[in-house]
2 protein chains.
Amino acid sequence: MHEHHPAASGHRPTLAEVAQRAGVSRSTASLAFSGAGPVSDATRARVFAAAESLGYGGPDPVARSLRSGRSGVIGVVIEERVRDAFRDPMNIAMLDGLSDGTSSLGTALLLLPDTDEPESQAPRRPGPIETAAMDAVVLVGCSTRLDRPVSVLRRRGIPIVAIEAKPMEGVLEIALDNREASATAARHLYELGHRDIAVVTLPLGPQHAAGPLSADWQEEATSYTAAQRLSGVLDVYTTLRGWMAPASSTASGIAAGRALLSDAEHRPTAIIAQSDLLAVGILRAAEELGLSVPQDISVVGFDGIRLDGYGPWNLTTLVQPAVEKGRAAGIGIARLLAGETPKPTLLRCTFRRGATTAAPRATD
Amino acid sequence: MHEHHPAASGHRPTLAEVAQRAGVSRSTASLAFSGAGPVSDATRARVFAAAESLGYGGPDPVARSLRSGRSGVIGVVIEERVRDAFRDPMNIAMLDGLSDGTSSLGTALLLLPDTDEPESQAPRRPGPIETAAMDAVVLVGCSTRLDRPVSVLRRRGIPIVAIEAKPMEGVLEIALDNREASATAARHLYELGHRDIAVVTLPLGPQHAAGPLSADWQEEATSYTAAQRLSGVLDVYTTLRGWMAPASSTASGIAAGRALLSDAEHRPTAIIAQSDLLAVGILRAAEELGLSVPQDISVVGFDGIRLDGYGPWNLTTLVQPAVEKGRAAGIGIARLLAGETPKPTLLRCTFRRGATTAAPRATD
DNA sequence: CTGAAAGCGCTTACAG
DNA sequence: CTGAAAGCGCTTACAG
C-alpha cells in the first residue's frame with residue numbers, strides 16, 4: 001500500500017474529480033468504470049490510478065441509477081415480522097432460489113415487511129413498499145394481504161411477480177399446483193379407506209388465530225395457497241373437519257393435533273396438514289396421546305422439507321419445488337426487465353409416500 | 001374510483017407535471033409530498049388531486065436520494081447462500097431485531113450475499129457490496145470473510161456496524177461476551193467433575209469442512225465468534241478435543257456426535273457445542289448410540305433457541321440476546337446516520353442449566 | 001478511441 | 001405560505 005488516501009471523513013471525491021486528475025473527460029472516466037464503451041488501456045489505467053490516489057469508491061450508485069433508470073434492487077414482500085416469514089423453510093428456500101436467479105442480474109434483494117394493520121384506518125405512514133427504489137418486486141401468495149402492495153406497486157409502475165398468488169392483471173404469475181397436489185394426497189387417503197379426515201390449514205386470512213375452520217372460510221380466505229390446498233382436499237372429501245393453524249410451525253401443529261385427536265370418540269382416522277412443520281407437530285401430539293402412526297392415525301404433510309432435524313419420521317407428503325419457485329421468479333424478472341412479456345409459470349409438486357399413512361383400523 | 005388513470009404503460013408522470021397541473025411550483029409540490037415544509041391545506045389538496053388525476057406514483061426515490069443523500073437502504077452482509085445464512089435461527093432473530101430497530105428510520109434491509117471465493121484470484125465482477133446504494137451496512141462476525149467487505153465499504157464511505165466481529169478501526173462494534181459465556185459453561189462442567197471434554201465448534205475459517213480441530217486453528221480462524229467461544233473453553237480446560245462442524249445444523253451435530261462418541265474407549269464425558277442446533281444433533285447421535293444423557297454424556301449448547309420443534313430435551317445452554325443484537329445494531333445505525341459517534345455495545349449471554357448436564361459416572 | 005452537452009427527477013436553501 | 005434557482009453525480013447519445 002504505497003498510495004495514500006485523503007481524509008476518510010469529509011469530502012468524497014466524484015467522478016468529475018477523478019477525470020480531471022486523470023486528464024480525461026467525465027464521459028471517458030465513466031466509460032472506464034462501467035466498461036460499457038471502448039477505452040484504451042492506457043487511458044483506463046490513468047483513470048484507475050487517479051481514482052486510487054483520490055480514494056474514489058466508484059461511481060455513486062444513486063446518480064448512476066437516476067441516469068440509467070435502474071436501481072439494481074429487487075423487492076421481496078414478506079410478512080410483517082422477519083422472524084415469522086423465515087420460520088417457514090419454504091420461504092427460505094424460495095428466497096435462496098430467487099437470490100440465485102437474480103444475482104446474475106447484479107441485483108440484490110430488499111426485504112419489505114408488509115406492515116399492514118387491517119384494523120387501523122389511520123393513513124399509515126408510507127413504508128419502503130411506497131418509497132423504496134426498486135426495479136421489480138416479488139410477492140408471495142401465502143401472505144394474507146396482497147391487495148394493497150399490488151395497488152401501490154402498480155401505480156408506481158414497478159413490475160410485479162407473484163408466487164402462488166391469485167392471478168392478477170399485470171402481475172406475472174409463478175404458480176404451484178396446490179389444488180391438484182392436495183387432491184392427490186386426499187385421494188391417497190381415500191383409496192386407503194379413510195372416510196373421516198381432518199385438514200389443518202395454514203392461516204387463511206389476516207387474523208391468524210387458531211381454531212376450527214368456520215363455515216364461511218371461503219369468503220374470509222385471503223391466502224390463495226391455503227385456500228387452494230383446502231379446495232383440493234374438498235374436491236375429494238366433501239365433508240371434513242377443518243382446523244386453522246395460526247402459523248406454519250411445529251408448535252401450532254401440536255396444538256392442532258391435541259385439538260383434533262384428544263377426543264377418542266370423535267377422532268378422524270387421518271389428518272392432512274398443509275405444511276410439514278404442522279405435520280411434525282401433529283405427529284408429536286399423537287405420540288403424546290399414545291397414538292400409533294399410522295395404525296391409529298395417518299398423517300400427510302406438504303412441502304417436503306428435510307425432517308432429520310425434527311425427528312425420526314418418514315412423512316408422507318407433497319414435495320414442492322420451493323427453490324424452483326424463487327428461481328422461476330428470478331427468470332421472470334430478468335425477462336420483464338429486458339422488456340419481454342414472459343408467460344406465467346406453473347410448477348408441480350410430487351407426491352411422496354412415506355410411512356405415516358396406512359389403511360385405518362377396521363371399525364368395530 | 002371516479003378518477004381515471006392514464007395509460008399505465010408509457011410515460012410516468014413527474015413531480016413537475018403534477019405541479020404544473022396543480023398550478024403550483026415544483027418546490028411546493030415537493031413540500032406537499034414530503035411534509036417537510038409548511039403548505040396550506042388547500043394547496044396540498046390541489047397537489048394531491050393533480051397527482052391522482054395523473055396517476056402519479058409519488059416522488060421518484062432515486063431522484064430524491066440523489067438530492068437528499070439518503071437511500072433508505074441498510075445493507076446486511078450474509079453468507080454466500082441465503083439458505084445457509086437463514087438455517088441459523090440466531091441470524092433470523094438478529095435480522096428480526098435489526099428490521100425492528102431500523103424500521104422507524106423508514107429504511108429497509110438489503111440482503112448482500114458475500115460471494116467471496118477464497119480460491120479465485122480472478123478480479124471478481126463487482127457485486128452489490130461494491131455498487132448498491134446504501135446508507136449503512138451491518139456485518140455479522142460469525143461470517144468467516146469480513147476483511148474484503150470492510151475494505152470496500154470503508155472506501156465507499158459507508159458506515160459499518162459489525163455484530164460479534166473483531167474490533168476494527170472505524171467499525172461500530174456490537175459485541176457479545178462469547179468468551180466469558182463459554183468459560184462459564186466450561187466451568188460448570190469442570191465443577192461437576194468433568195475432566196475429559198470435547199468442543200464442537202462452528203466453522204472457524206472459510207473452508208467449512210468437518211473434521212478434528214487442527215493444532216493451528218488459531219491462525220486459520222477468521223470467525224471471531226467461533227474463535228472466542230473456543231478460547232473461553234480453553235480458559236478453563238487447557239486440553240480438550242475439538243471437532244469443527246461445517247455449519248450450525250442438526251445434521252452437522254449428528255456427524256460430530258458420531259465422530260466423538262462412537263469409540264467407547266476414548267469417549268469424552270461431556271461435549272460443549274457452539275450452537276444449540278449442533279447440540280441437538282449430538283443428543284440425537286448419543287441416543288442413536290444408546291447413550292444416556294446426562295448419565296453417560298453431558299451436553300451443553302449455545303444460543304437458547306426454542307427447542308420444542310426439535311425434541312423433548314431440556315438443554316443446558318447459554319441464552320444469547322439475538323434479537324437484541326439486531327436491535328442494538330439498528331440503534332447504532334440511527335446514531336451514526338444522525339452524525340453522532342456511538343459507543344460500542346456489549347451484550348451478555350445468560351447461563352441456563354437444563355437437564356443435559358450432570359456429574360460424570362465414577363470412573364472404574 | 002475521446003470530449004462537450006444535455007438531462008435523469010427531485011429537494012434544498014434562499015428570497016419574498 | 002409560495003416560487004425561482006441551483007445542483008445532487010452520473011450516463012447517454014452524439015459528434016468528432
Side-chain angles (χ1 to χ4, degrees), chain A residues 11-48 50-51 54-72 106 126 130-135 156-158, chain B residues 11-48 50-51 54-72 106 126 130-135 156-158:
Chain A
H11 179 70
R12 299 249 106 224
T14 68
L15 186 57
E17 288 164 349
V18 171
Q20 184 173 26
R21 176 117 175 189
V24 301
S25 71
R26 277 148 64 204
S27 359
T28 300
S30 173
L31 260 24
F33 277 102
S34 71
V39 177
S40 72
D41 288 351
T43 304
R44 192 197 323 281
R46 276 224 310 291
V47 172
F48 286 168
L54 290 170
Y56 181 62
D60 179 319
V62 174
R64 179 210 287 265
S65 292
L66 181 59
R67 187 60 238 244
S68 69
R70 285 287 169 82
S71 66
E130 280 84 11
T131 63
M134 302 179 285
D135 295 336
R156 291 187 60 191
I158 296 176
Chain B
H11 179 69
R12 299 250 105 223
T14 67
L15 186 58
E17 289 164 348
V18 171
Q20 183 173 28
R21 176 117 173 190
V24 301
S25 72
R26 277 147 66 204
S27 0
T28 300
S30 173
L31 260 24
F33 276 101
S34 71
V39 178
S40 73
D41 288 350
T43 303
R44 192 196 323 278
R46 274 223 311 292
V47 171
F48 286 168
L54 291 170
Y56 181 63
D60 179 320
V62 174
R64 181 211 285 267
S65 292
L66 181 57
R67 187 59 237 244
S68 68
R70 286 287 169 83
S71 65
E130 280 83 13
T131 63
M134 301 179 286
D135 296 335
R156 292 187 60 192
I158 296 176

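Atoms considered below: every heavy atom in the structure, side chains included; atoms not considered: hydrogens, waters and symmetry mates. Everything numeric here is computed off the predicted structure, so don't read it as measured data. Just so we're on the same page: letters track the sequence lines, and every chain starts at 1.
- Using a 4.5 Å heavy-atom cutoff, the side chains of Arg67(A) and Pro59(A) are not in contact.
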Subject >> Residue pair Val47(A), Val18(A): steps toward the side-chain contact (heavy atoms from CB on, under 4.5 Å) verdict >> reply: CA-CA 7 Å; Val47(A) 172; Val18(A) 171; 4.1 Å; yes

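- With Arg156(B) contributing its side chain and Gly57(A) its backbone, the two residues share no donor-acceptor pair below 3.5 Å.
- Look at Thr28(B) and you'll find a side-chain N or O under 4.0 angstrom from OP1 or OP2 of dG3(D).
- The only member of Asp60(B), Val62(B), Thr131(B) that meets side chain to side chain contact (heavy atoms under 4.5 Å, CB included) when paired with Ser65(A) is Val62(B).
- Thr14(A) OG1 to Glu17(A) CD: the interatomic distance, rounded to the nearest 0.5 Å, is 4.0 Å.
- Between Leu15(B) and Ala29(B), the shortest heavy-atom distance links the atoms CD1-CB, 3.7 Å.
- In secondary-structure terms, DNA chain C builds stems of at least 3 consecutive Watson-Crick or G-U pairs, each pair having both distances under 3.5 Å, at C:1-3 with D:14-16, C:5-12 with D:5-12, C:14-16 with D:1-3.
- At most 12 non-hydrogen atoms from other residues, nucleotides or ligands lie less than 6.0 angstrom from CD of Gln20(B).
- In terms of heavy-atom proximity, Arg21(B) sits nearest to Ala50(B) at CG-CB, 3.6 Å.
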Subject >> B/S/- contact track for nucleotides 4-14 of chain D, protein heavy atom under 4.0 Å >> reply: B-BBBBBBB--

